[in-house]
K.L.:
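Shown below is the structure under consideration.
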Number of protein chains: 2
Amino acid sequence: MGVTPDTIIQGDCIEVLKGLPDRSADLVFADPPYNLQLGGDLLRPDNSRVDAVDDHWDQFESFAAYDAFTRAWLTECRRVLKDGGAIWVIGSYHNIFRVGTILQDLGFWILNDVVWRKTNPMPNFKGARFTNAHETLIWAAKGRGAKRYTFNYDAMKMANDELQMRSDWTFPLCTGEERLKDETGAKAHPTQKPEALLHRVLLASTKPGDIVLDPFFGTGTTGAAARRLGRRYVGIEREAEYVELARERIARVQPVAPEDLQVTGSRRAEPRVPFGQILEAGLLRPGDVLYCPRGERAARVRADGSLALGDLTGSIHKMGAMVQSAPACNGWTYWHFRTGKGLTPIDVLRAQVRSRLPG
Amino acid sequence: MGVTPDTIIQGDCIEVLKGLPDRSADLVFADPPYNLQLGGDLLRPDNSRVDAVDDHWDQFESFAAYDAFTRAWLTECRRVLKDGGAIWVIGSYHNIFRVGTILQDLGFWILNDVVWRKTNPMPNFKGARFTNAHETLIWAAKGRGAKRYTFNYDAMKMANDELQMRSDWTFPLCTGEERLKDETGAKAHPTQKPEALLHRVLLASTKPGDIVLDPFFGTGTTGAAARRLGRRYVGIEREAEYVELARERIARVQPVAPEDLQVTGSRRAEPRVPFGQILEAGLLRPGDVLYCPRGERAARVRADGSLALGDLTGSIHKMGAMVQSAPACNGWTYWHFRTGKGLTPIDVLRAQVRSRLPG
DNA sequence: TCAGTTAGTGAATCTGGCG
DNA sequence: GCGCCAGATTCACTAACTG
């Protein structure tokens, strides 16, 4: 009994969240209201409106109200997340420090803060400050000791020309055709996020089929990116107009074919091959000699897949670490066998065994 | 009756701050402990050990203890600031959200958050997260209605090739000759900041002769930058060794007339565009087919920007080299996409993305 | 002297499965 | 939950060394 995927639920964010089952979402992406001190509406925990204020005491009242609201929806999101789940929250300096503090206080474990660098930010018209050219995203796991979060490290590295993806991402604002307009041609939603941003978030931190919950769905950028990438979404949005716009928008999205959703996998995820299996497959034989990369050290292979060097025996990893006096060693890349052309790492034998495995 | 400028006071930050007079500093720059919470040792892939920040001054029992410490020194700093004064605090995701929240709670008025993008950050050795490639600075005025803060808008604009200075700044780490070493050649301080960063901070937010207070003076980067730029400094530092190092360092600084200072960075090389960004920008989609120049070979694009050709996958460069049996290949010019007019190299898509990037 | 190679290092909350 | 252990994992830059 879980949540129905690929739906938008119209209603108050906190009320709707309370109705969702425990541990039912793989990821939360949240773009909460930033509206502190901007003359916009500020909501109390019960969603009544706080009158605009400008003196110091009421300012504190406003922060307290924003904090209570934030704590309420984040608490529910944490409950709804699976143990291996994670959350992304985007914000600006008006609210992101309060969001980050409350995340930490609720037991979320911050994994990274990520900066969205805007290529085309709005200038600071009064010339009174630096151009506000970025927003901040916080990526956090459900808890410090929580089950392992999803991070498609190799896919991110591939998407960044084989360099580790950094914590600063550069994207243009959502403009042009992508920006939804109302019937008058005005922008339909004030803070529509670029789908490219969600593309990277989902590709980095979800698997195909995962359920992504967005408690401030707006015009459905999260849903559009999820559908395109073969993920499922649950959106919560209070305004009926936005719900309708989002439904139409998501329906227009062409999902990527499942075979194209394959991304570069990690070596950790590859099937484990015990070294003994190399012997069982006949690719090496007991008594064969293995060499370190430059050949000056040698060890004999024994029938059970251990190595012997003088009186000492142990796994390929232990023995590799031992001869180097290193704390650890990957025996697959350290030990080599001799061929007519010189020394070849035994990792190629592992690859041969893996290629014969089913699946 | 004010504070004596161009001095370093040895002692506990909060105790010393309490002895400073009200409204005596024009600016505070603070690089407080980040409250890192490290596990055990971290080994690089080559098994060398990362020299982590495990100093006693960075250890706090809990978030509550860190918050109390932060509130205490920020409260004193606010008292010591002149009414038109401002504060900068630098931190990472471990502490910056708590610092920002407390700044707001104390009545400081945030002007910008600024991101220091590191050109050469330490990689994430275990491939577990995004490379932590930035730190965050908060710039805040003493209060919302406080007397006008200093912002040298035109100096900043001039320093940025006549474009408004943005909230993301790019600098390398403090290394090489600038990095202070002890007698053994090891780094003298674990977290020395680059002087270029302080240069920009002071040039942006102080006037010549202003008094800059740094309650976590360390090896005196703030003092060195202040002296160089004709500002005055007051430093507080607990460790006697750091105080001595800072004194010697600042004495070596040659003050320079501001008009002689080179502040404009050299024009950067063309920004690198990873192929994955072409997909994120929607210029190609997962499942699209790319062709070699004469069209006789084809490969499918995957969601992470890798190419698939039969069972083989890899980057556009790797796969281009592979199909030509060449040692290397520029995938941007080798691979083409099909349009009504025939085949077009994907390099034109890179040019489109580049045209949107900031200089 | 110069070019090429090797070694070292920087604020880091840095693995995962099985018993 | 803890311990064990297989085995996966790095970018930009500086400085020292080699030939």
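Because the structure is a prediction, the values reported are computed rather than measured.
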K.L.:
Might you confirm whether atom CD of B:E177 has over 12 heavy atoms from other residues, nucleotides or ligands at distances under 6.0 Å?
P.N.:
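Atom CD in B:E177 is not packed in, count stays at 12 or less.
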K.L.:
Report yes if a side-chain nitrogen or oxygen of A:H317 is closer than 4.0 Å to either non-bridging phosphate oxygen (OP1 or OP2) of D:dA6; otherwise report no.
P.N.:
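Answer is no, no contact under 4.0 Å.
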K.L.:
So A:K147, base contact, sugar-phosphate only, or nothing? Heavy-atom distance under 4.0 Å.
P.N.:
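Result for A:K147 = nothing.
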K.L.:
Considering only the C1' atoms, how many Å lie between C:dT1 and D:dG19, rounded to the nearest integer?
P.N.:
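Taking atom C1' in both C:dT1 and D:dG19, they lie 12 Å apart.
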K.L.:
Encode nucleotides 14-19 of chain C as B, S and - characters from 5' to 3', where the letter depends on protein heavy atoms closer than 4.0 Å: B to the base, S only to sugar-phosphate, - to neither.
P.N.:
BSS---
K.L.:
Measure from the side-chain heavy atoms of A:Y153 and tell me the nearest of C:dA12, D:dT9, D:dA8.
P.N.:
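Per side-chain heavy atoms of A:Y153, the pick is D:dT9.
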K.L.:
What's B:T191 touching, base or sugar-phosphate or nothing? Going by heavy atoms closer than 4.0 Å.
P.N.:
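The answer is base, as B:T191 lies within the cut-off (heavy atoms under 4.0 Å) of a base atom.
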K.L.:
Salt bridge or not for A:D288 and A:R285, using N-O below 4.0 Å?
P.N.:
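Result for this pair is no, no salt bridge flagged.
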K.L.:
Over how many whole Å does the gap from A:N152 atom CG to D:dT9 atom P extend?
P.N.:
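Nearest whole value for this atom pair: 14 Å.
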K.L.:
Check B:N95, B:D31, B:I138 against B:I90 for a side chain to side chain contact (heavy atoms under 4.5 Å, CB included) and give me the one that passes.
P.N.:
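Testing B:I90 for a side chain to side chain contact (heavy atoms under 4.5 Å, CB included) against B:N95, B:D31, B:I138 leaves exactly one candidate, B:D31.
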K.L.:
Round to a whole Å and report the spacing from CD1 of A:I316 to P of D:dG7.
P.N.:
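Value for this atom pair: 6 Å.
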K.L.:
Is B:R44 side chain donor-acceptor paired with the C:dG10 base, going by distance under 3.5 Å alone?
P.N.:
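Per atom types, the contact qualifies.
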K.L.:
Please work out if A:L111 contacts a base, only the sugar-phosphate, or nothing of the nucleic acid, heavy-atom cut-off 4.0 Å.
P.N.:
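Here A:L111 touches no strand at all.
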K.L.:
In whole angstroms, how far is the C1' atom of D:dA6 from the CD1 atom of A:I346?
P.N.:
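My rounded result for the distance is 13 Å.
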K.L.:
Would you classify A:D347 as touching base, sugar-phosphate or nothing, given that sugar-phosphate means primed atoms plus P, OP1 and OP2, and contacts are heavy atoms under 4.0 Å?
P.N.:
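Touches nothing.
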K.L.:
Side chain of A:K157, heavy atoms from C-beta onward: which of C:dA11, C:dT9, D:dC11 has the nearest atom to it?
P.N.:
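So the side chain of A:K157 is nearest to D:dC11.
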K.L.:
Please give the distance between the P atoms of C:dC14 and D:dG7 as a whole number of Å.
P.N.:
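The answer is 23 Å between these two P atoms.
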K.L.:
Suppose we define a pair by two distances each less than 3.5 Å, Watson-Crick or G-U wobble; what does C:dT15 pair with here?
P.N.:
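Base partner found: D:dA6.
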K.L.:
C:dA12, D:dC11, D:dC5: which one has an atom nearest the side-chain heavy atoms of A:L163?
P.N.:
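Comparing C:dA12, D:dC11, D:dC5 against the side chain of A:L163, the answer is D:dC11.
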K.L.:
For B:T131, which contact category applies under a 4.0 Å heavy-atom criterion: base, sugar-phosphate, or nothing?
P.N.:
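Since no nucleic acid heavy atom lies under 4.0 Å of B:T131, the category is nothing.
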K.L.:
Under 4.0 Å, counting only non-hydrogen atoms across every strand here, what does B:R49 touch: a base, just sugar-phosphate, or nothing?
P.N.:
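Nothing, no nucleic acid heavy atom in range.
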K.L.:
Take B:P121 and A:P327, find for each the nucleotide of DNA chain D with the closest heavy atom, and name the residue whose nucleotide sits nearer the 5' end.
P.N.:
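Looking at the nearest nucleotide for each, A:P327 comes out on the 5' side.
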K.L.:
May I ask you to say whether A:D168 pairs ionically with A:R117, meaning some side-chain N is under 4.0 Å from a carboxylate O?
P.N.:
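Salt bridge: no.
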K.L.:
Between P on C:dG10 and CG on B:L180, what's the gap in Å once rounded to a whole number?
P.N.:
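Distance check: B:L180 CG to C:dG10 P gives 13 Å.
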K.L.:
Which of these nucleotides, C:dA11, D:dG7, D:dA6, is closest to any side-chain atom of A:R350?
P.N.:
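Looking only at heavy atoms from C-beta outward on A:R350, the closest nucleotide is D:dG7.
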K.L.:
Indicate whether OP1 or OP2 belonging to D:dT9 is found under 4.0 Å from a side-chain N or O atom of A:R267.
P.N.:
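For D:dT9, OP1/OP2 do have a side-chain N/O of A:R267 under 4.0 Å.
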K.L.:
Using a strict cut-off of less than 4.0 Å between a Lys/Arg side-chain nitrogen and an Asp/Glu carboxylate oxygen, indicate whether A:R98 and A:D105 qualify as a salt bridge.
P.N.:
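So A:R98 does not pair with A:D105 through a salt bridge.
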K.L.:
What do you reckon, is CZ of A:R300 surrounded by more than 12 foreign heavy atoms closer than 6.0 Å?
P.N.:
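Atom CZ in A:R300 is not crowded, with 12 or fewer foreign heavy atoms closer than 6.0 Å.
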K.L.:
Of A:E162 and A:W332, whose closest DNA chain D nucleotide lies nearer the 5' terminus?
P.N.:
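The 5'-side residue here is A:W332.
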K.L.:
Can you check side chain to side chain contact (heavy atoms under 4.5 Å, CB included) on A:L312 and A:M319, steps first, answer last?
P.N.:
CA-CA 8 Å; A:L312 298 166; A:M319 296 303 285; 4.0 Å; yes
K.L.:
Taking atom NZ of A:K147 as the centre, report whether more than 12 heavy atoms of other residues, nucleotides or ligands fall under 6.0 Å from it.
P.N.:
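Not buried by this count: 12 neighbours or fewer within 6.0 Å.
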K.L.:
Whole-Å distance between D:dA8 C1' and B:D46 CG?
P.N.:
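Spelled out: CG on B:D46 to C1' on D:dA8 is 14 Å.
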K.L.:
DNA chain C: B:T175 or A:N112, which has the more 5' nearest nucleotide?
P.N.:
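By nearest-heavy-atom nucleotide position, the 5'-most residue is B:T175.
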K.L.:
Does OP1 or OP2 of C:dA11 have a side-chain N or O of B:S92 closer than 4.0 Å?
P.N.:
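No.
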K.L.:
To the side chain of B:D31, which of C:dA11, C:dA12, D:dA15 is closest?
P.N.:
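The answer is C:dA11, which lies nearest to the side chain.
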K.L.:
Please state how far atom CZ in B:F171 lies from atom C1' in C:dA11, giving the value in whole angstrom units.
P.N.:
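After rounding, the reported distance stands at 18 Å.
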K.L.:
Which nucleotide sits closest to the side chain of B:T119: D:dC13, D:dG7, D:dT9?
P.N.:
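Among the listed nucleotides, the one closest to the side chain of B:T119 is D:dC13.
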K.L.:
Cation over ring, B:R238 on B:W57, under 6.0 Å and within 45°?
P.N.:
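Geometry flag: not set, cation outside 6.0 Å or 45°.
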K.L.:
Would you kindly give the CG-to-P distance between A:N330 and D:dT10, to the nearest whole Å?
P.N.:
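Going from A:N330 (CG) to D:dT10 (P), I get 12 Å.
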K.L.:
For D:dT10 and C:dG10, measure between their C1' atoms and round to the nearest Å.
P.N.:
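These two C1' atoms come out 12 Å apart once rounded.
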K.L.:
Go ahead and name the base partner of C:dG10; Watson-Crick or wobble counts if both distances stay under 3.5 Å, otherwise write none.
P.N.:
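Checking every strand shown, C:dG10 finds its partner in D:dC11, with both distances under 3.5 Å.
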K.L.:
Roughly how many Å is it from CG in B:L173 to C1' in C:dA12, rounded to a whole number?
P.N.:
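Checked: the CG to C1' distance equals 13 Å.
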K.L.:
Please evaluate residues B:F275 and B:R350 with respect to the criterion side chain to side chain contact (heavy atoms under 4.5 Å, CB included), reporting the C-alpha separation (whole Å), side-chain torsions for both, the decisive distance (0.1 Å), and the verdict.
P.N.:
CA-CA 8 Å; B:F275 181 62; B:R350 179 167 66 162; over 6 Å; no
K.L.:
For A:P274, answer base if it contacts any base atom (sugar-phosphate contacts may also be present), sugar-phosphate if it contacts only those atoms, and nothing otherwise; contact means non-hydrogen atoms under 4.0 Å.
P.N.:
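If one applies the 4.0 Å heavy-atom cut-off, A:P274 turns out to touch nothing in the nucleic acid.
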K.L.:
Out of D:dA12, D:dA6, D:dA8, which has the shortest distance to the side chain of B:N120?
P.N.:
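Side chain of B:N120 sits closest to D:dA12.
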K.L.:
Would you mind classifying the nucleic acid contact of B:P194 as base, sugar-phosphate or nothing, using non-hydrogen atoms under 4.0 angstrom?
P.N.:
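Counting heavy atoms under 4.0 Å across all strands, no contact is made by B:P194.
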